[in-house]
K.L.:
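Provided herewith is a single structure, encoded as structure tokens, for subsequent inquiry.
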Amino acid sequence: SQQGEEDPQALSIQEGENATMNCSYKTSINNLQWYRQNSGRGLVHLILIRSNEREKHSGRLRVTLDTSKKSSSLLITASRAADTASYFCATDARGGGNNDMRFGAGTRLTVKP
Amino acid sequence: KAGVTQTPRYLIKTRGQQVTLSCSPISGHRSVSWYQQTPGQGLQFLFEYFSETQRNKGNFPGRFSGRQFSNSRSEMNVSTLELGDSALYLCASSWDTGGEKLFFGSGTQLSVL
């Protein structure tokens, strides 16, 4: 069963705009990660945020984590057409509810040139 | 450094047959996880191996099995294929099972006719 749930399921924006995706989860976690997947390919790791961190940046990516609300958000600033992909959050809850990395269903982002 | 290699890339089988998929992790990685990805269910965890031992198993029937060899390469086997087994099967490797970032292969697209 899935742990995280991304919202929205699909997002369409213009190049240059910011894109925000949200992830909610159910159990206590050790860390939360975001991955990107281009159509029909493997996932690529973007960023990892630990349970004791509240915000993390990597280039045009900004991730926040609110453990009290069991939610995270991924912000992509100044989006480009090449950012078009599916984005997944994954939670590591070992020692708690699960013993593996659990992925959400993903947000499909389309960036129009 | 070579990435995670999955073979074959595409596979077409008929119901009732069995199939074996292969995954070669990044050199030095000892943990290999397998996921099934379908449009309706997202990524579902199958199993995780570490140093030739199965550490965790997802909620899949016994028709799905796997193993890991001493060189960390892993195989998964699906017997008595069903139409619903059609999916992208993704393998991911990491240094250990500590919930750190996963490195994914490009996947094996299995179609069951």
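Every chain is numbered from 1, with letters handed out A, B, ... down the list of sequences. The basis for the numbers below is simple: all heavy atoms, side chains too, and nothing from hydrogens, waters or symmetry mates.
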K.L.:
Which region of B:Gln37, side chain (C-beta onward) or backbone (N, CA, C, O), has a non-hydrogen atom less than 4.5 Å from a non-hydrogen atom of chain A, or is it both or neither?
P.N.:
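The answer is the side chain of B:Gln37.
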
K.L.:
Are the side chain of A:Arg36 and the backbone N or O of A:Leu46 linked by a donor-acceptor pair below 3.5 Å?
P.N.:
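No, the answer is negative, given that no donor and acceptor are paired below the 3.5 Å cut-off.
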
K.L.:
Donor-acceptor pair, B:Ser86 side chain versus B:Val112 backbone, under 3.5 Å?
P.N.:
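Yes; judged by distance alone, with no hydrogens or angles, the pair exists.
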
K.L.:
Got a donor-acceptor contact below 3.5 angstrom from the A:Ser86 side chain to the A:Arg108 backbone?
P.N.:
no

K.L.:
In terms of heavy-atom proximity below 4.5 Å to chain A, should B:Leu102 be classed as side chain, backbone, both, or neither?
P.N.:
both

K.L.:
So for B:Phe103, is it side chain, backbone, both, or neither that comes closer than 4.5 Å to the heavy atoms of chain A?
P.N.:
neither

K.L.:
Does B:Val19 offer a backbone N or O that forms a donor-acceptor pair with the side chain of B:Asn77 under 3.5 Å?
P.N.:
yes

